[in-house]
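These numbers were taken from a predicted model, which means no experiment stands behind them. Excluded from the calculations below are hydrogen atoms, water molecules and symmetry mates; all remaining heavy atoms, backbone and side chain alike, are included.
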Amino acid sequence: MEDKSERSRLAVPATEAARLLLGSVLTHDDGGEPVSVRVTEVEAYMGDVDPGSHAFRGRTARNNTMFGPAGHLYVYFTYGMHYCANVVCGEDGHATGLLLRAGEIVGGVETARERRNNPRTDLDLARGPARLAQALGINRDLDGADVFAAPLRLELPAEPVPADEVSSGPRVGVSGPGGTVEYPWRYWLTGEPTVSKYRPAQPKRRPAAGATAR
DNA sequence: GCTCAGATCATCT
DNA sequence: GATGATCTGAGCG
């Protein structure tokens with residue numbers, strides 16, 4: 001019922017939907033112990049105007065989900081070993097989405113620990129997009145899944161978090177022509193210990209201070 | 001505490 | 001054939 005209005009709340013530009021997602025709780029119930037994550041960090045991808053987006057060059061089989069209606073999950077496999085999860089937002093036909101970068105495990109901690117092979121601290125359970133996906137047990141089968149229907153459940157906060165509790169900055173790991181700092185589309189909850197540490201996107205090799213650029 | 005290099009495969013040119 | 005919205009482990013201070 002509220003399902004429908006919840007979905008429509010996501011049908012706005014990613015830069016706005018980001019504040020809805022921050023503080024929301026995503027649950028994945030695969031039949032075992034459900035695991036819930038409170039989202040603390042997201043990254044906006046604005047489709048065809050965004051050089052860092054998978055959708056920049058147009059619609060393909062892989063990013064097809066992002067072009068669809070809001071409220072679905074776009075899952076992709078990268079670097080040969082990691083899954084990343086996005087929540088599609090914006091209007092149908094606009095390839096905008098929000099990458100779930102980090103979160104705090106608020107339910108099913110033990111299951112999350114097992115999936116992550118028992119990291120040293122719970123803060124590491126979902127710090128980083130691939131870790132978050134792993135902790136939740138997300139895989140490619142969930143690509144295109146509805147976040148408001150089983151086995152997923154997304155609970156948006158009644159009201160967006162106050163603007164003064166949200167920080168924004170350059171995106172991580174995004175390189176490209178012209179840039180990354182021009183698009184400060186990474187959002188996180190100020191002061192959250194689970195937020196991944198800022199790391200500037202480096203081309204490939206660090207420009208050595210000296211001259212011996214090998 | 002920090003920095004660096006490697007792993008590994010689906011997708012696109 | 002090259003690249004990538006990354007993570008992890010090892011090594012060093």
Side-chain angles (χ1 to χ4, degrees), chain A residues 14-15 17-18 21-22 26 39-67 72-90 95-103 105 112-144 168-188 193-210 212-214:
Chain A
T15 45
L21 230 52
L22 288 174
L26 179 63
V39 179
T40 58
E41 183 184 5
V42 298
E43 208 164 275
Y45 285 88
M46 299 290 276
D48 51 353
V49 300
D50 180 359
S53 170
H54 284 168
F56 182 52
R57 303 195 205 189
R59 188 170 192 156
T60 67
R62 183 226 254 171
N63 62 33
N64 194 38
T65 302
M66 253 209 297
F67 283 82
H72 288 255
L73 209 60
Y74 167 47
V75 180
Y76 70 93
F77 190 60
T78 189
Y79 286 92
M81 55 187 92
H82 297 301
Y83 291 107
C84 294
N86 301 244
V87 173
V88 178
C89 60
T96 64
L98 288 162
L99 170 69
L100 304 179
R101 282 205 61 88
I105 305 290
R113 284 199 193 115
E114 283 178 24
R115 288 190 179 133
R116 296 270 306 108
N117 202 23
N118 301 305
R120 295 192 184 287
T121 76
D122 286 354
L123 290 184
D124 284 336
L125 284 175
R127 183 167 59 184
R131 292 168 172 181
L132 186 147
Q134 188 183 5
L136 271 180
I138 288 176
N139 54 54
R140 287 209 66 205
D141 291 343
L142 288 173
D143 183 32
S168 66
R171 290 182 297 185
V172 178
V174 177
S175 55
T180 75
V181 283
E182 302 171 25
Y183 304 96
W185 289 339
R186 188 165 72 101
Y187 301 88
W188 65 94
T194 52
V195 170
S196 48
K197 194 177 165 188
Y198 170 64
R199 243 171 78 196
Q202 300 289 0
K204 200 99 187 179
R205 208 175 264 289
R206 221 171 53 186
T212 332
R214 74 163 221 93

*Closest to the A/Arg131 side chain, choosing from C/dT8, B/dC12, B/dA7*: C/dT8
*Selected nucleotide, minimal atom distance to A/Met81 side chain, candidates B/dT11, B/dT8, B/dA10*: B/dT8
_Please tell me if A/Arg101 has a side-chain N or O lying less than 4.0 Å from either OP1 or OP2 of C/dT6._
yes
*In terms of side-chain heavy atoms of A/Thr78, which of C/dG4, B/dC12, C/dA5 is nearest?*
C/dG4
*Are A/His54 and C/dA5 close enough that a side-chain N or O sits under 4.0 Å from OP1 or OP2?*
yes
*Hey, is the main chain of A/Thr60 close enough, under 3.5 Å, to the side chain of A/Asn63 for a donor-acceptor pair?*
yes
*asked:* Among C/dA5, C/dC7, B/dC12, which nucleotide has an atom closest to any side-chain atom of A/His82?
replied: C/dC7
*Using the rule for Phe, Tyr, His and the six-membered ring of Trp, do A/Phe77 and B/dA10 stack at under 5.5 Å and under 30°?*
no
_Quick check for you: among B/dC12, C/dT8, C/dG4, whose closest atom lies nearest to any side-chain atom of A/Arg57?_
B/dC12
*Tell me which of A/Thr60 and A/Gly80 sits closer to the 5' end of DNA chain B, going by the nucleotide each one is nearest to.*
A/Gly80
_Donor-acceptor contact present, side-chain A/Arg116 to main-chain A/Leu125, <3.5 Å_ = yes
_Nearest-0.5 Å distance that lies between atom OH in A/Tyr83 and atom CG in A/Asn139_ = 5.5 Å
_I want to verify a distance call: between B/dC9, B/dT8, C/dT6, whose nearest atom is closest to the A/Pro129 side chain?_
C/dT6
*asked:* OP1 or OP2 of B/dC12 versus the side-chain N and O atoms of A/Arg59: is any pair under 4.0 Å?
replied: no
_Parallel, tilted or perpendicular: which one describes the rings of A/His54 and A/Tyr74, with boundaries at 30° and 60°?_
perpendicular
